[in-house]
Protein chains: 2
Amino acid sequence: MGNNQKIGSTEEKILEAAKKVFIQKGMYGARMQEIANEAGINKALLHYYFRSKDQLFEAIFQEAFTEFIPKAFSVFHSKKPFEEKLKLFVSNYIDVLTANSYLPIFMLNEINQNPDRLGHMVNMMGIVRDKVSVELKINEEEGRYRAMDTVQLLSLVIGMTLFPYLAKPIIKGAFSLDNETFHAFLEERKILIPEIILNYLKIKN
Amino acid sequence: MGNNQKIGSTEEKILEAAKKVFIQKGMYGARMQEIANEAGINKALLHYYFRSKDQLFEAIFQEAFTEFIPKAFSVFHSKKPFEEKLKLFVSNYIDVLTANSYLPIFMLNEINQNPDRLGHMVNMMGIVRDKVSVELKINEEEGRYRAMDTVQLLSLVIGMTLFPYLAKPIIKGAFSLDNETFHAFLEERKILIPEIILNYLKIKN
DNA sequence: GTCTATATGGCGATAGAC
DNA sequence: GTCTATCGCCATATAGAC
């Protein structure tokens, strides 16, 4: 393992091109010819490096899974206080998503069409839930937070954070936001989302 | 216009089958043969009723758009107080989604791959935003709510509500929820989501 | 490793009998 | 309206020269 392919190597050019086309068109909409064009090479070379379209797709999909998701959830493994973790997660997640804005809808769609692809993600999310559970419990027992189900909390935060990327064309179209305004809209959520959640969790004196 | 095709007519059987297959596999993953099998008829009949695969797809897509979306957002045209509208919207939206749980990921994905398909939705969402804006403004001026951007509010509520349907296999898999538990999880959100939003909006005395 | 040329199969679409 | 048979294309995949 390890990313010690030369930068600019043919294999890497193929992976870049395939990522772009697969994410844009999906597994069935993508064409091997288009990937070859995008990579500036011949169609037959794709089969030389990756035996089939399926295997090329799987390489892209797994790469997204093993790099993207862990990066987004890494904060939960730190030792910071819960409120800080929450703020950092949202902020960090928004940055990662902004840099890969077409990845989420692609991944969700492919997982829905073939749930077998879930793989390791299941374990990772389970660990995140357990860690968050412990912190919620402590805060609850010490009278700072109200009781709240961890799965609800996580899915609310992730839902709020992720949605603008999934519905980007709808939001931009329906509310006539240009790129700059849309970006500002996303940035604002780094503050807004933790604020809303913490405001609900915290018991007022 | 008008749904006065006989129930069980060939055309309706085709539409049912096409809806099922297109939603499951997407535009490019779907096969005309599979739709024909699902409808219990011959492949050639599909072309007799709908000239091409594209036109059949468009029929399905537009039906989802013109029935599903307006139903979900109809509450905002009523005269109830804002808090009630919010609660009804979330509750009603969850019911509509539960009855069509594979529709959202399908629609979002197809819109992302071809944003031209947005069509009328743009106008409808614009109207919803304007109505909500007015109500937020009144509540703000009368000192009950803090100031909040309408697009943020709408996208937070929709994001929280929609997300479990988009990530259904992930949530069920990662947190090992069976069907019953997952359904209870969804029901709980009818209360939770409005509570969180209103708790944030309302200014405490 | 990289290319051109070609094989192979599948899919959307049509022709034409009934 | 509904079927069977078939066309024509295009996409994946392979063969084989360089």
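Letters A, B, ... mirror the listed sequences (proteins, then strands); counts begin at 1.
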Below 3.5 Å, can you tabulate the donor-acceptor pairs from side chains in residues 160-167 of chain A to any protein atom, sequence neighbours excluded?
from   : atom 1 : to     : atom 2 : distance (Å)
A:T161 : OG1    : A:V157 : O      : 2.7
A:Y165 : OH     : A:I94  : O      : 3.2
A:Y165 : OH     : A:T98  : OG1    : 2.8

For each nucleotide in nucleotides 2-14 of chain D, reading 5' to 3', give B when a protein heavy atom comes within less than 4.0 Å of its base, S when such contact involves only the sugar-phosphate, and - otherwise.
BBB------SBBB

With sequence neighbours left out, what residues match A:R51 under side-chain hydrogen bond (donor to acceptor under 3.5 Å, both in side chains)?
none

For B:N199, all residues meeting side-chain hydrogen bond (donor to acceptor under 3.5 Å, both in side chains), sequence neighbours excluded
none

Nearest whole Å is fine: how far is [N] [atom2] from [X] [atom1]?
X     : N      : atom1 : atom2 : result
B:N37 : C:dC11 : CG    : C1'   : 14 Å
B:I35 : C:dA13 : CD1   : P     : 11 Å
A:Y28 : C:dG12 : OH    : P     : 13 Å

Side-chain donor-acceptor pairs under 3.5 Å in residues 119-133 of chain B, sequence neighbours left out?
from   : atom 1 : to     : atom 2 : distance (Å)
B:S133 : OG     : B:R129 : O      : 3.1
B:S133 : OG     : B:T150 : OG1    : 2.8

Please output the side-chain donor-acceptor pairs of residues 16-28 of chain B that fall under 3.5 Å, not counting sequence neighbours, one pair per line with the distance.
from  : atom 1 : to    : atom 2 : distance (Å)
B:K20 : NZ     : B:E38 : OE2    : 3.0
B:K25 : NZ     : B:E34 : OE1    : 3.0
B:K25 : NZ     : B:E34 : OE2    : 3.0

What pairs of residues pass the ring pair (Phe, Tyr, Trp, His ring centres under 6.0 Å) test when at least one of them lies in residues 177-197 of chain B, not counting sequence neighbours?
B:F182-B:F185

Would you call the rings of A:F68 and A:Y93 parallel, tilted or perpendicular if under 30° counts as parallel and over 60° as perpendicular?
tilted

To the nearest 10 degrees, the angle between the two end axes of the helix from C:dG1-D:dC18 to C:dC18-D:dG1 (five pairs per end) comes to 10°

With sequence neighbours excluded, give me every salt bridge (charged side-chain N to carboxylate O under 4.0 Å, His left out) pair touching residues 98-116 of chain A.
A:E110-A:R117

